[in-house]
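See structure below.
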Protein chains: 2
Amino acid sequence: MSQQRHGSTPGEAGGVPAFPDLPEATIARLPEYLRALHHLAETGAETVSSEGLAAAAGVNSAKLRKDLSHLGSYGTRGVGYDVALLVAQIEFILGLDENRAVCLVGVGNLGHALAGYAGFASRGFRVVALFDADPNKVGEQINGLNVQHIDDLRRVAAEESITIGVIATPPGTAQMVADALVAAGVTSILNFAPGVLSVPANVDVRKVDLAIELQILSFHEHRKASLTSLPGGRSAAADNQEAVGS
Amino acid sequence: MSQQRHGSTPGEAGGVPAFPDLPEATIARLPEYLRALHHLAETGAETVSSEGLAAAAGVNSAKLRKDLSHLGSYGTRGVGYDVALLVAQIEFILGLDENRAVCLVGVGNLGHALAGYAGFASRGFRVVALFDADPNKVGEQINGLNVQHIDDLRRVAAEESITIGVIATPPGTAQMVADALVAAGVTSILNFAPGVLSVPANVDVRKVDLAIELQILSFHEHRKASLTSLPGGRSAAADNQEAVGS
DNA sequence: AGGCGCTTGTGAAGGCGTGCACAAATCGCG
DNA sequence: CGCGATTTGTGCACGCCTTCACAAGCGCCT
Ligand SMILES: NC(=O)c1ccc[n+]([C@@H]2O[C@H](COP(=O)([O-])OP(=O)(O)OC[C@H]3O[C@@H](n4cnc5c(N)ncnc54)[C@H](O)[C@@H]3O)[C@@H](O)[C@H]2O)c1
Ligand SMILES: NC(=O)c1ccc[n+]([C@@H]2O[C@H](COP(=O)([O-])OP(=O)(O)OC[C@H]3O[C@@H](n4cnc5c(N)ncnc54)[C@H](O)[C@@H]3O)[C@@H](O)[C@H]2O)c1
C-alpha cells in the first residue's frame with residue numbers, strides 16, 4: 001500500500017545485527033498491538049496471553065506470536081507476555097521513545113483539526129510547527145502554536161530537528177510542499193492530498209486518502225448488492241466478539 | 001489491512017459469473033487508477049498506455065495491466081486504453097455510478113472538517129446526514145447540512161438509503177456508534193477512532209488511524225538513523241518521476 | 001519431585017501478490 | 001497487402017505473508 005521504498009536488506013557488514021529487519025506487515029501491526037497494550041495496562045493487567053492480545057488487536061493469535069517472535073520476544077510459556085515490558089519493547093522498536101518532532105503544512109479545514117488533535121502527543125509525537133502560505137493564516141494561534149509562513153520551513157525544521165512532515169494542502173500544491181519538506185531535511189511524509197508524490201529514494205511517504213477508502217467500501221457494497229439474488233437474507237451472523245469498547 | 005471479512009469465493013452456484021471476484025489488492029488500487037484517469041481526461045488525453053497510466057498512479061506497469069485484465073479489460077494492443085471507457089468501467093466496478101449516500105457521526109474537530117470536504121462529492125459520494133450526541137451541536141448548520149441527533153439515525157438512514165457510515169467520535173463511543181449504524185442498516189463503516197470495532201460478518205470496516213501512520217514512519221526513521229554509520233551521506237538518489245502535480 | 005495444563009515459539013504448507021519476459025494482437029505506413 | 005513498431009494480456013517463478021499444528025518450556029498443584 002502507499003508508496004514505500006525499503007528494498008530488502010542492504011549488504012550489511014558482519015558486525016552488530018543493527019536492526020531486527022522486521023517484515024513490513026509486522027511493523028504495520030505493531031502500533032495496533034501497542035495501542036491494545038496501553039489499554040490493557042490501564043485496566044491493571046500485568047500479563048497477557050497471545051490469545052487475549054490478539055483479540056484486543058483484532059488479529060489471529062498465531063500471527064501475533066510470530067510478529068512478536070520477530071523482535072526477539074519477551075514472553076513466558078505457560079504465562080504470557082509482560083505488558084509493561086512489551087510496551088517498552090515496541091515503543092523502542094518504533095522509535096517512539098525519541099518523541100519525534102512533527103510539522104504540519106496547510107492549516108485549512110483539515111489541517112486545523114489535525115493541529116488540535118491530542119492523539120499525536122499522547123502517542124509519541126510532538127507537533128512543533130504549523131505552516132501555511134496564506135498571509136491571513138500566518139500568525140494565527142492554534143492550540144498554543146503559531147502558524148508560520150512556509151518560507152520559514154527550512155529554518156524552523158533545522159532548529160527543531162523536524163524529521164516528519166504532514167501535508168494538508170490542496171492537491172495542486174502538494175508536490176511543491178513535498179519538495180520544500182525534503183529540502184528542509186524531512187525524511188518522512190504523511191500526505192493527505194490525493195495524488196502521487198515524487199520524492200528521493202531515502203524519503204518515506206505514506207498516504208491517507210479518504211475517497212479511496214470510501215471507494216473500496218463502495219466496491220464491497222456493490223458486490224454485496226449483486227448477491228441479493230442468493231438466499232441468506234440479512235441475518236447478522238456475528239462471529240467475532242471481544243470488543244475493545246471504551 | 002484493517003479488519004476485512006471477504007473469505008474466499010463462497011460456493012457460488014453455476015449461473016451468472018455475478019461479479020469478477022477481483023483480488024483485494026487490485027480493488028485497493030482501482031481508486032488510484034481512477035483518480036489518475038480523471039486527471040488525464042482533464043488534460044484531453046483520449047488514450048493512455050499502461051506505462052503512462054502506471055506512472056501517473058505510481059505503480060509498476062505490469063501490475064497495472066494485470067489489474068485491468070482482471071476486469072475483462074478494454075485495451076487495444078499497440079494503442080493503449082481508452083480513457084473515457086476505462087473511467088466508466090472502473091466507476092461501474094466500484095459502484096460509484098450509484099452515488100452512494102454517506103452519513104457522518106461525530107461533528108467535532110475532525111468531523112467538522114470532513115463535513116465540509118468537497119472531495120467526497122467530487123468522487124462519487126453524497127454526504128446526506130450529520131449526527132452528533134451533543135445537544136449544543138444538534139441543529140448547527142454545516143455546508144448546507146443540519147446536524148441531527150444520533151437518536152434519529154435509524155429513521156434518517158432508512159429515509160435516505162444510507163449504506164455507508166463514517167465514525168468521527170471519541171474512541172470510547174465508537175463501538176456504540178458502530179452498533180447504532182449497523183442497527184440502522186449500514187453495511188460499510190469508515191472509522192477514524194483508534195481501536196478495534198466489533199461488527200457482524202456482513203459489515204465491512206475500514207480504519208484510518210493517523211497515529212499508526214506516524215508510528216510506521218517513525219519506525220523507518222529509527223531504522224534510517226541506526227544506519228548512519230554507513231557511507232552514502234544524504235545524496236538524493238531520486239529514481240521516480242512523473243509527478244502528478246496539479 | 002513429578003505430573004499436568006497452559007502458553008509460547010516455530011516448522012511447514014498453502015495462498016496471494018509481484019514482476020519479468022514474451023507471445024499475440026493491432027495500427028500505420030510504404 | 002505485408003511488415004515493423006508498439007502495446008496489451010498472461011504464463012511463470014519467486015518471495016512474502018498467513019495459518020495450522022505441535023514440540024518445547026514454564027508454573028502450579030499435589
Ligand atoms: N477537509 C477534509 O476533510 C479532507 C479530507 C481528506 C482529504 N483532504 C485533503 O486535504 C487537503 C487539505 O484539505 P482542506 O479541506 O483542509 O483544504 P483547505 O483549502 O481548507 O486548506 C488548505 C490550506 O493549505 C494552504 N496552502 C495552500 N498552498 C500552500 C502552500 N504552497 N504551502 C503551504 N500552505 C498552503 C492554504 O492556505 C489552506 O490554508 C486537500 O488536499 C484535501 O483534498 C481534506
Ligand atoms: N482531530 C483529529 O485531527 C483527529 C485525527 C485522527 C483521529 N481522530 C479521531 O477522531 C475522533 C474524533 O476526533 P475529534 O478531534 O473530532 O474529537 P471531538 O471531541 O472534537 O469530537 C467528537 C464529537 O463526537 C461527538 N460524540 C460523542 N459521543 C457521541 C455519540 N455517542 N454519538 C454521536 N456523537 C458523539 C461529540 O459530541 C463531539 O462533537 C476521535 O476518535 C479521534 O481520536 C481525530
Side-chain angles (χ1 to χ4, degrees), chain A residues 1-9 20-30 32-33 37 40 45-83 85-86 89 216 239-240, chain B residues 1-10 20-30 32-33 37 40 45-83 85-86 89-90 216 239-240:
Chain A
M1 48 241 59
S2 321
Q3 326 154 31
Q4 272 358 40
R5 212 68 58 184
H6 327 304
S8 41
T9 327
D21 199 21
L22 310 175
E24 270 297 310
T26 294
I27 75 132
R29 281 186 295 265
L30 289 182
E32 193 66 51
Y33 301 158
L37 284 167
L40 285 168
E46 299 254 329
T47 62
V48 224
S49 71
S50 66
E51 204 75 42
L53 182 52
V59 301
N60 182 299
S61 69
K63 181 152 48 181
L64 176 115
R65 285 198 298 279
K66 185 149 287 187
D67 281 344
L68 295 186
S69 79
H70 282 136
L71 38 90
S73 163
Y74 288 74
T76 317
R77 288 160 192 255
V79 177
Y81 298 90
D82 182 295
V83 173
L85 185 57
L86 204 48
Q89 272 289 317
I216 294 173
D239 61 344
N240 65 349
Chain B
M1 321 289 82
S2 325
Q3 329 155 29
Q4 273 353 43
R5 212 68 58 185
H6 324 303
S8 40
T9 326
D21 198 22
L22 311 174
E24 271 296 310
T26 294
I27 73 131
R29 282 187 293 266
L30 289 183
E32 193 66 52
Y33 301 157
L37 283 167
L40 285 167
E46 299 255 327
T47 61
V48 224
S49 70
S50 65
E51 203 76 42
L53 183 52
V59 301
N60 183 298
S61 70
K63 181 152 48 180
L64 176 114
R65 284 198 299 276
K66 185 153 291 184
D67 283 341
L68 295 187
S69 79
H70 281 137
L71 39 91
S73 163
Y74 288 74
T76 318
R77 291 157 125 107
V79 177
Y81 298 91
D82 182 294
V83 173
L85 185 58
L86 202 49
Q89 272 289 316
I90 295 180
I216 294 173
D239 61 345
N240 65 350

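Naming: A, B, ... by sequence-line order, numbering from 1 per chain.
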When you measure from the side chain of [X], which nucleotide among [options] comes out closest?
X       : options                : result
A:Lys66 : C:dC20, C:dT26, D:dT19 : D:dT19
B:Arg65 : C:dG17, D:dG9, C:dT8   : D:dG9
A:Thr76 : C:dT18, D:dC26, D:dT8  : D:dC26
A:Tyr81 : D:dG11, D:dT7, C:dG9   : C:dG9
A:Ser49 : C:dT8, D:dT18, C:dG9   : C:dT8

*Could you tell me whether the side chain of B:Arg77 has a donor or acceptor atom within less than 3.5 Å of a complementary atom in the base of D:dT8?*
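Under the 3.5 Å cut-off, the side chain and the base do form a donor-acceptor pair.
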Distance, rounded to the nearest Å, where [X] contributes [atom1] and [N] contributes [atom2]:
X       : N      : atom1 : atom2 : result
A:Leu22 : D:dC17 : CG    : P     : 11 Å
A:Asp67 : C:dG9  : CG    : C1'   : 13 Å
A:Lys63 : C:dG11 : NZ    : C1'   : 19 Å
B:Asp21 : C:dG17 : CG    : P     : 11 Å
A:His70 : D:dT18 : NE2   : P     : 10 Å
A:Leu68 : D:dT18 : CG    : P     : 14 Å
B:Glu24 : C:dG15 : CD    : P     : 18 Å
B:Asp82 : D:dT7  : CG    : P     : 16 Å

*Phosphate-side-chain proximity, B:Arg29 and C:dT18, N/O vs OP1/OP2 below 4.0 Å*: yes
*Are any of A:Asn60's side-chain N or O atoms less than 4.0 Å away from OP1 or OP2 of D:dC20?*
yes
*Only one of A:Arg29, A:His70, A:Lys66 clears side-chain contact (heavy atoms from CB on, under 4.5 Å) with A:Pro23; which?*
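Looking at A:Arg29, A:His70, A:Lys66, the match for A:Pro23 under the side-chain contact (heavy atoms from CB on, under 4.5 Å) is A:His70.
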*Identify which one of A:Val59, A:Val83, A:Leu64 satisfies the side-chain contact (heavy atoms from CB on, under 4.5 Å) criterion when paired with A:Leu53.*
A:Leu64
*Do the side chains of A:Arg65 and A:Tyr81 get nearer than 4.5 Å, heavy atoms only?*
yes
*Considering only heavy atoms from C-beta outward, does the side chain of A:Leu22 approach that of A:Asp67 to under 4.5 Å?*
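No, side chains not in contact.
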*Compute whether any side-chain donor of one residue and acceptor of the other, for A:Asp82 and A:Tyr74, lie under 3.5 angstrom apart.*
no
*asked:* Assuming nearest nucleotide by heavy-atom distance, tell me which of B:Val79 and A:Ala25 is located more 5' along DNA chain D.
replied: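 Looking at the nearest nucleotide for each, B:Val79 comes out on the 5' side.
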